[in-house]
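Just so it is clear, the structure is predicted and the values come from calculations on it, not from any experiment.
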Amino acid sequence: MNEAPKTTKEVTKNVKVESYDIARSDETLDLAKDLAKFIKDNKLTTNVQGKEFVNVEGWQYAGSRLGIVPIVEHVINVSSPEEMKYQAKVTLFDLRHGTTVGAGFAVCSNKESGKKFYQEFAIMSMAQTRAIGKAYRNCLAWIIRAAGYEPTPAEEMDYNTNTVAVAAPAPVAAQPVPAMQVLPAEAPAATADAPAAAPVQYATAAHKEEIIRLLNHPVITRPEKTKMLLNINRLDEERAVQAIAKLRKAIDDRENGEKVAA
């Protein structure tokens, strides 16, 4: 005989809850200090145009310290023949009081910038991730702000991949470059005796699409993908070709390593 499905309260009634109380400003400000340290130590932010946006893992940590957990209510396929699209709803459940304290809705589509080659599971997963961040943002944005960060989940920023390329990016200090990190091209400084440098030939749309397609391979890690996407509009053609070659090599090396390990 099959057991009846358990309710949210039954599943969570024995879960240990932190002592922080959202109704007490002194306790939540102490939490903000702890949260700021945790986010910094674990590098749970994404830098977008000089501002730090907290990744969903940081929002989940803040909620867990208050005994507030996310529950995915539904994920709906709202695709059309021309577009792959999912909508998700997440509610926040307060373990301390046994009540729902917030909710968030979000969608994700392969029509978005940088998601043309995303597989269906990735679109569905991102819709859920965004909904979790949105639900926490509706409830706990002030705590994230008190911790010193922007009160918008990083996943909602979409890394701003449609930004117009900057003609002359600031020079980058010389340092070892990781295999998967591509730095923006630098224009040589003009001198009184030398003519101004020719305009930079930035990467074409075809180059960017190939880079994004390769970044979506399962062996490419999220930090590697984030670093590449943040710089993709600053790549010149030569750097774009180099990035594609490095990505392909990394994928081949990691796939071969997995086969050997198996």
Quick check: closest heavy atoms across [X] and [Y], and the distance to 0.1 Å?
X	Y	value
Gly104	Ala135	N-CB, 3.6 Å
Arg254	Val219	NH1-O, 2.8 Å
Ala106	Ala131	CB-N, 3.4 Å
Gly58	Ile39	CA-CG1, 4.4 Å
Ile123	Cys108	CG2-O, 3.2 Å
Pro70	Leu92	CA-CD2, 3.9 Å

Is [X] reaching over with its side chain to a backbone N or O of [Y], donor-acceptor style, under 3.5 angstrom?
X	Y	value
Trp59	Val54	yes
Arg96	Gly67	no
Asp34	Asp30	no
Asn138	Ala103	yes
Lys89	Ile76	no
His97	Asp94	no

Quick one: are [X] and [Y] in side-chain contact, heavy atoms under 4.5 Å?
X	Y	value
Tyr136	Gln60	yes
His207	Leu235	no
Glu73	Val90	no
Phe53	Thr45	no
Glu52	Glu150	no
Ile220	Asn216	no
Leu140	Leu66	yes
Thr91	Phe93	no

- Among all residues two or more places apart in sequence or in another chain, which pass the ring-ring contact (aromatic ring centres under 6.0 Å, His included) test with Phe38?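 Expected list: Tyr61.
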
- Message: Whether the Asn77 and Tyr86 side chains hold a donor-acceptor pair (N or O, under 3.5 Å, no angle test) is what I'd like checked.
- Response: yes

- Message: We want to know whether Gln128 and Ser125 form a side-chain donor-acceptor pair, criterion being a heavy-atom distance below 3.5 angstrom.
- Response: no

Reported [atom1]-to-[atom2] distance for the pair [X] and [Y], which is rounded to 0.5 angstrom:
X	Y	atom1	atom2	result
Ser109	Met126	OG	CE	12.5 Å
Leu31	Ile143	CG	CD1	5.5 Å
Ile244	Arg213	CD1	CZ	9.0 Å
Ile68	Thr99	CD1	OG1	8.5 Å
Asp41	Lys43	CG	NZ	10.0 Å
Thr100	Ile71	OG1	CD1	6.5 Å

- Message: Between Thr129 and Glu155, does the side chain to side chain donor-acceptor pair (under 3.5 Å) criterion hold? Intermediate values first, please.
- Response: CA-CA 8 Å; Thr129 299; Glu155 288 73 16; over 6 Å; no

Verify same cluster id: [X], [Y] (apolar side-chain graph, 4.5 Å):
X	Y	value
Ile211	Ile251	yes
Met124	Val72	yes
Phe117	Met84	no

- Task: Could you give me the CA-CA distance, side-chain angles and deciding distance for Asn55 and Thr46, then say whether side chain to side chain donor-acceptor pair (under 3.5 Å) is met?
- Result: CA-CA 7 Å; Asn55 299 340; Thr46 298; 2.9 Å; yes

- Look at atom CD of Glu238 and say whether more than 12 heavy atoms of other residues, nucleotides or ligands are closer to it than 6.0 Å.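 Count not over threshold, so no.
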
- Are any of the side-chain nitrogens in Arg130 or Glu112 under 4.0 Å away from the carboxylate oxygens of its partner?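 Yes, Arg130 and Glu112 are salt-bridged.
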
- Pairing of Glu255 and Arg248 as salt bridge, 4.0 angstrom limit: no

